[in-house]
There are 4 protein chains.
Amino acid sequence: MTTTKSRRLPRAVRERQMLDAAVAVFAEHGYHAASMDEIAERAGISKPMVYAYLGTKEELFVACINRESELLMTAVAEEIVGEMEPDERLWRGLRAFLGFVAAHRDAWIVLYRQARSQGVPFASEVEASRTRVVDAVAALLGGAAERMEPGPVKGDLAAMATALVGAGEALADWIADHPDADPEAAAARLMNLVWLGFGTLLTGARWTPPAA
Amino acid sequence: MTTTKSRRLPRAVRERQMLDAAVAVFAEHGYHAASMDEIAERAGISKPMVYAYLGTKEELFVACINRESELLMTAVAEEIVGEMEPDERLWRGLRAFLGFVAAHRDAWIVLYRQARSQGVPFASEVEASRTRVVDAVAALLGGAAERMEPGPVKGDLAAMATALVGAGEALADWIADHPDADPEAAAARLMNLVWLGFGTLLTGARWTPPAA
Amino acid sequence: MTTTKSRRLPRAVRERQMLDAAVAVFAEHGYHAASMDEIAERAGISKPMVYAYLGTKEELFVACINRESELLMTAVAEEIVGEMEPDERLWRGLRAFLGFVAAHRDAWIVLYRQARSQGVPFASEVEASRTRVVDAVAALLGGAAERMEPGPVKGDLAAMATALVGAGEALADWIADHPDADPEAAAARLMNLVWLGFGTLLTGARWTPPAA
Amino acid sequence: MTTTKSRRLPRAVRERQMLDAAVAVFAEHGYHAASMDEIAERAGISKPMVYAYLGTKEELFVACINRESELLMTAVAEEIVGEMEPDERLWRGLRAFLGFVAAHRDAWIVLYRQARSQGVPFASEVEASRTRVVDAVAALLGGAAERMEPGPVKGDLAAMATALVGAGEALADWIADHPDADPEAAAARLMNLVWLGFGTLLTGARWTPPAA
DNA sequence: GATGAATGAGGATTCATTCAT
DNA sequence: CATGAATGAATCCTCATTCAT
């Protein structure tokens, strides 16, 4: 008989199991409602091991955030290396992002819905990453704008990047709740909406509010 | 004798005090970390009263959500009554929305960050409202599209509305964290980004992914 | 039927019950080995009440120390008010001290054996009181020494006071372990030893308490 | 090849390392707060080894007590062998005792503060040794008393010995907390106090150590 | 109506102790 | 001989919720 399930596993393996279980439980119940008991049980291990390897609940949550955050960032970064046009870069990043979310729904839920709703300890961890993304997008938009006059004023870029990232997140969140959704199609739609808009702005066109 | 500091307040007033306190505490600590003790104390009332008036913690949270949600919806609805062009309607709604958030930051935090991150019981409450908004926006976009051929296909509208609403929420969330932000300017920027994009789409233009 | 045991007691009463129970349990098992469960049970109350009224285990322990410490100090202080000869003051204080210990053995055990053996948080609380006592004794000895030349040098007083207090504590500790011991006799013996000295005692000299 | 850092040490050496570590940790944190983990780590050895060599935590603590207790007893005993006057014997024993404490502060803390504050299992171990010391002192005093009439009555001796030992312990404890203290001076002061008495000291009398 | 008093239930955390390798 | 891996059993503490007055 081949022992498919051996006890006494090396630390690295156990840590992965625990993080997997933790991400699943945090995604399902949220940080506070998640219990260390359930995490340990789902990891097929006793509670003290969780504490021994990953520390307190808070540290465990941070470890989850860091791992998933890094995976997400890497997945996107790999897709946008090298020289390319701004729109292509945006498109590729977006596609990689939504693709990752579709493939790791729990990770997204933990990162987006859970981490951000907890107080300072965690929210800031994630918010920092998010800010970097917004900045990168703003830089990307800025790079595109430089070529053409008259472009959007600097001040607008931050807000637009925020809005653009928010739109992406909303699609991601929608994808996380709809397993059958097609991330590539969603990415294309967002590109259509946003790039045509941004491109038009680059021509100097402006939308102005109707007289009140 | 005029009671300068009356005890026996009418029920409606008491309930308002409690809900105000609850919204503040939920916004500050999140649903789970919020304690009924603190809510009662901040409302200047004893705990059993809270239970007598508004029921369990869960019910209290739902009451908060419902009240704030309704206030938000009403604030927006009031601004978009009557006949008007699609872009004006969008603009007005957006401006009312962001204005409300700027004026009621705690409400937004409870509705957006807290309610959505809790499990099924509450998330669905809010998600329902949100879906109605997305549908309304989709209808608005659809209405605009009908007049011009060739417009975006039906299927795209839902995704675009989702993205648009997400962009609005991201700006709202940003405003909630930046008391000095100008909601009207943010609304204008989003209109620029999104309406010019959408308008361009209506002309039949399309953004297509570069050949892989 | 007269209800000898009513529930729903006023706060002050419950606090006393809890402190009594806590002192007993701390005396029996020591700080660490004592469990809040047992304290609550012995106080005839549920654990959350203990936390509500007296705070954490640490705070509870401090509260015990403070209460018993104050009772002890008061008992001694009451006996040594007014003008009197140094040896009479010492004798009276000693007698009151050992009498208190005989009457409150648990209190002594908590103050002397438990509090002093715990780390900084508590040891220092008690050590401060103890230092005040040692200083007072040193002052008393110093006062007596001033009248006569050549007396012990200043530097010696601190050490002697320390030794004297230690001797008193050892007797107290012995009394705490021997319920039948006579505190007054023990006090008299210590006075003899310390005021006259063993070598002097061998000559047949005796110290006798002043007529009360 | 000469192993500069040998692993396989003889059992006796290992046990010494462990006991040293244990004494240090018990002195620092107290019996309960001390963790086997820290002891093992400070001994530079894995936990199972500690269990294999010295048994459970309780047994380990007893082993510490026994070793240090024996060292202390031996140090004192060596100083008081042979014929000598009672006061010289007392003086020498006292000096050896305080000298040992000054040189082994951790040992004293474990023996005096920790062992005595734990429940029956350990307190009795130490109490037995202590009783032997008190008895020896009582015998010493009794021996001195026999030569001269009228001396202190029998009953008094036990109490006086207890007090005397307590005074010595108090000085020892003070020394343990004051590394710069001079144990020999402290011993001399205690001899003065106890052998001559404070009242007698006031007359200018002094006890002086016999020429070494 | 209003509240101080009271608790059942559950969650995080730690630790002494023991296998399996 | 030696140790990393593993856990059962407590313990502290908190909180939503309800009585009795």
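Residue numbers begin at 1 in each chain, while the letters A, B, ... track the order of the sequences.
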Given side-chain contact (heavy atoms from CB on, under 4.5 Å), test D:Ile39 with D:Lys57 step by step and report yes or no.
-> CA-CA 10 Å; D:Ile39 292 172; D:Lys57 188 183 188 183; 5.9 Å; no
For the pair A:Arg42 and A:Gln17, evaluate side-chain contact (heavy atoms from CB on, under 4.5 Å) and give the outcome as yes or no after the intermediate values.
-> CA-CA 9 Å; A:Arg42 195 171 317 189; A:Gln17 291 178 343; over 6 Å; no
Before giving the answer on side-chain contact (heavy atoms from CB on, under 4.5 Å), spell out for B:Val126 and B:Ser69 the whole-Å C-alpha distance, their side-chain angles and the decisive distance to 0.1 Å.
-> CA-CA 8 Å; B:Val126 170; B:Ser69 174; over 6 Å; no
Show the numbers, then the answer: is there a side-chain contact (heavy atoms from CB on, under 4.5 Å) between B:Phe122 and B:Gln114?
-> CA-CA 9 Å; B:Phe122 317 118; B:Gln114 293 307 326; over 6 Å; no
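Following rounding to the nearest Å, D:Gln17 (CD) and F:dA2 (P) show an atom-to-atom distance of 11 Å. The separation between B:Asp37 atom CG and E:dA6 atom P is 16 Å, rounded to whole Å. At whole-Å resolution of the value, CE in B:Met18 and C1' in E:dT3 are 12 Å apart. If you measure from atom CD1 of A:Ile39 to atom P of E:dG10, you get 18 Å, rounded to the nearest angstrom. Note: NE2 (C:His29) to P (F:dC12) measures 12 Å, nearest angstrom. At whole-Å resolution of the value, NZ in C:Lys57 and P in F:dC13 are 8 Å apart. Between the P atom of E:dG11 and the CD atom of A:Glu38 lies a distance of 10 Å, rounded to the nearest Å. One interatomic measurement links the two molecules: CD of A:Glu58 to C1' of E:dT13, which rounds to 13 Å at whole-angstrom precision.
You'll find the side chain of A:Lys47 reaches within 4.5 Å of the side chain of A:Asp37, heavy atoms only.
A 6.0 Å sphere centred on CD of A:Glu127 holds more than 12 heavy atoms belonging to other residues, nucleotides or ligands.
Of the candidates E:dA12, F:dT17, E:dT17, F:dT17 carries the atom nearest the B:Met36 side chain, counting heavy atoms from C-beta on. Distances were taken from every side-chain heavy atom of A:Arg8 (C-beta onward) to each of F:dA5, F:dA16, E:dT17; the shortest belongs to F:dA5.
Scanning residues 45-55 of chain A for heavy-atom distances under 4.0 Å to DNA chain F yields A:Ile45, A:Ser46, A:Pro48, A:Met49, A:Tyr53.
Remark on DNA chain F: of its neighbouring residues D:Gly44 and C:His32, the 5'-side contact belongs to D:Gly44, judged by nearest-heavy-atom nucleotide. Residues A:Ala33 and C:Ala12 each lie close to DNA chain E; by heavy-atom proximity, the contact nearer the 5' end of the strand is made by C:Ala12.
Across every non-hydrogen atom of D:Val110 and D:Val23, the tightest pair is CG2-O, 3.6 Å.
The aromatic rings of A:Tyr31 and A:Phe61 are tilted relative to each other, their planes meeting at an angle between 30° and 60°.
Stems are defined here as 3 or more consecutive Watson-Crick or G-U wobble pairs with pairing distances under 3.5 Å; those involving DNA chain E are E:2-21 with F:2-21.
OP1 or OP2 of F:dA6 has at least one side-chain nitrogen or oxygen of A:Arg14 nearer than 4.0 Å.
Among the atoms of the strands shown, only primed sugar atoms or phosphate atoms (P, OP1, OP2) are found under 4.0 Å from some heavy atom of D:Ala34.
Stacking of D:Arg11 on the aromatic ring of D:Tyr53 is recorded, both the 6.0 Å distance cut-off and the 45° axial limit being met.
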